[in-house]
Amino acid sequence: VQLQASGGGLVQAGGSLRLSCAASGRTSSVYNCAWFRQAPGEEREFVAGISSSGGNTLYTESVKGRFTISRDSAKNTVYLQMNGLKPEDTAVYYCAATRGGNWYFVRNYEYWGQGTQVTVSS
């Protein structure tokens, strides 16, 4: 499975962005997918995850009510709609895919996209 993330950019606080993660590979639809982010000098952290069916989602506390993860199986694409962005959301955002395991842990993900920069100005 190959993942290609896009959609990052520079936005003012309170603004919105939508990240996309296009997956290639015949079996990509069976993977649970997630978005992580990594700010300079910080560890990579879980942001949001979605099951292979799209029926289950999970968010880290700091983005609940502001971010929405979704997937379009026909397009093999996972999205992260980010509203009400804050300067502390500034980071490189990565999409990742896993067959199973705890969604919060980086080590459980077999495949990673290249990352897309999100910068929120105050």
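If you read the sequence from its start, that first residue is 1, and numbering goes on from there. Computed over heavy atoms, backbone and side chain alike; hydrogens, waters and symmetry mates excluded.
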*Asks:* Do I69 and Y79 belong together in a cluster built from hydrophobic side chains that touch within less than 4.5 Å?
*Replies:* no
*Asks:* Minimum heavy-atom separation for V63 to V47, with atom names?
*Replies:*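 Shortest heavy-atom separation between V63 and V47 comes out as CG2-O, 3.7 Å.
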*Asks:* Between N76 and S24 (side chain of the first, backbone of the second, donor and acceptor by atom type, cut-off under 3.5 Å), is there such a pair?
*Replies:*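 The answer is no, because no donor-acceptor pair under 3.5 Å joins these two groups.
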*Asks:* Main chain of W103, side chain of Y109: is a donor-acceptor contact present, judged purely on distance under 3.5 Å?
*Replies:* yes
*Asks:* For a side-chain contact (heavy atoms from CB on, under 4.5 Å) with V106, tell me which candidate from R44, E45, Q38 qualifies.
*Replies:* R44
*Asks:* At what distance, to the nearest 0.5 angstrom, does OG of S20 lie from CD of Q4?
*Replies:* 10.5 Å
*Asks:* Do L19 and V118 have side-chain heavy atoms sitting under 4.5 Å apart?
*Replies:* yes
*Asks:* Between T98 and E110, do the side chains contain an N or O donor and an N or O acceptor separated by less than 3.5 Å?
*Replies:*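 Yes, E110 and T98 have a side-chain donor paired with an acceptor closer than 3.5 Å.
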*Asks:* Consider only side-chain heavy atoms of I, L, V, M, F, W and Y, link residues closer than 4.5 Å, and tell whether L10 and L17 are in one cluster.
*Replies:* no
*Asks:* Return yes if a side-chain donor-acceptor contact under 3.5 Å exists between T77 and D72, otherwise no.
*Replies:* no
*Asks:* Do you know which two heavy atoms are closest between C33 and A97, and how far apart they sit?
*Replies:*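 Nearest pair, atom of C33 first, then A97: SG-CB, 4.2 Å.
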*Asks:* With a 4.5 Å heavy-atom cut-off, do I50 and V78 have their side chains touching?
*Replies:*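 Yes, their side chains come closer than 4.5 Å.
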*Asks:* According to a hydrophobic-cluster definition based on side-chain heavy atoms being under 4.5 Å apart (Ile, Leu, Val, Met, Phe, Trp, Tyr only), do L80 and L85 belong together?
*Replies:*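 As far as the 4.5 Å side-chain criterion goes, L85 and L80 are connected within one cluster.
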*Asks:* R71 side chain to G54 main-chain N or O, any donor-acceptor pair under 3.5 Å?
*Replies:*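 Absent.
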*Asks:* Hey, what's the ring geometry for W112 with Y94, parallel, tilted or perpendicular (30° and 60° as the breaks)?
*Replies:* perpendicular
*Asks:* Are T68 and Y59 packed together at the side-chain level, in the sense that at least one heavy-atom pair is separated by less than 4.5 angstrom?
*Replies:*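 Counting from C-beta outward, T68 and Y59 do come under 4.5 Å.
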*Asks:* Please give me the minimum heavy-atom distance between L58 and F46, naming the atom from each residue.
*Replies:*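 In terms of heavy atoms, the two residues are closest at O-CZ, 3.7 Å.
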*Asks:* Between T90 and E88, does any side-chain donor sit less than 3.5 Å from a side-chain acceptor?
*Replies:* no
*Asks:* Q114 side chain to A5 main-chain N or O, any donor-acceptor pair under 3.5 Å?
*Replies:* yes
*Asks:* Less than 2.5 angstrom apart at the SG atoms, yes or no, for C21 and C95?
*Replies:*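 The sulfur gammas are closer than 2.5 Å, so yes.
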*Asks:* If two hydrophobic side chains count as joined below 4.5 Å and joins carry through other members, does W35 share a cluster with Y31?
*Replies:* no
*Asks:* Taking the side chain as every heavy atom from C-beta outward, state whether D89 and M82 have any pair of such atoms under 4.5 Å apart.
*Replies:* no
*Asks:* Grab the two heavy atoms, one from R37 and one from A91, that are nearest each other, plus how far apart they are.
*Replies:*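 Shortest heavy-atom contact: CB-CB, 3.8 Å.
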*Asks:* Is it the case that the ring center of Y93 lies less than 6.0 angstrom away from the ring center of F36?
*Replies:*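 Between F36 and Y93, the centre distance exceeds or equals 6.0 Å.
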*Asks:* Kindly say whether S52 contributes a backbone atom to a donor-acceptor pair with the side chain of N32 at under 3.5 angstrom?
*Replies:* yes
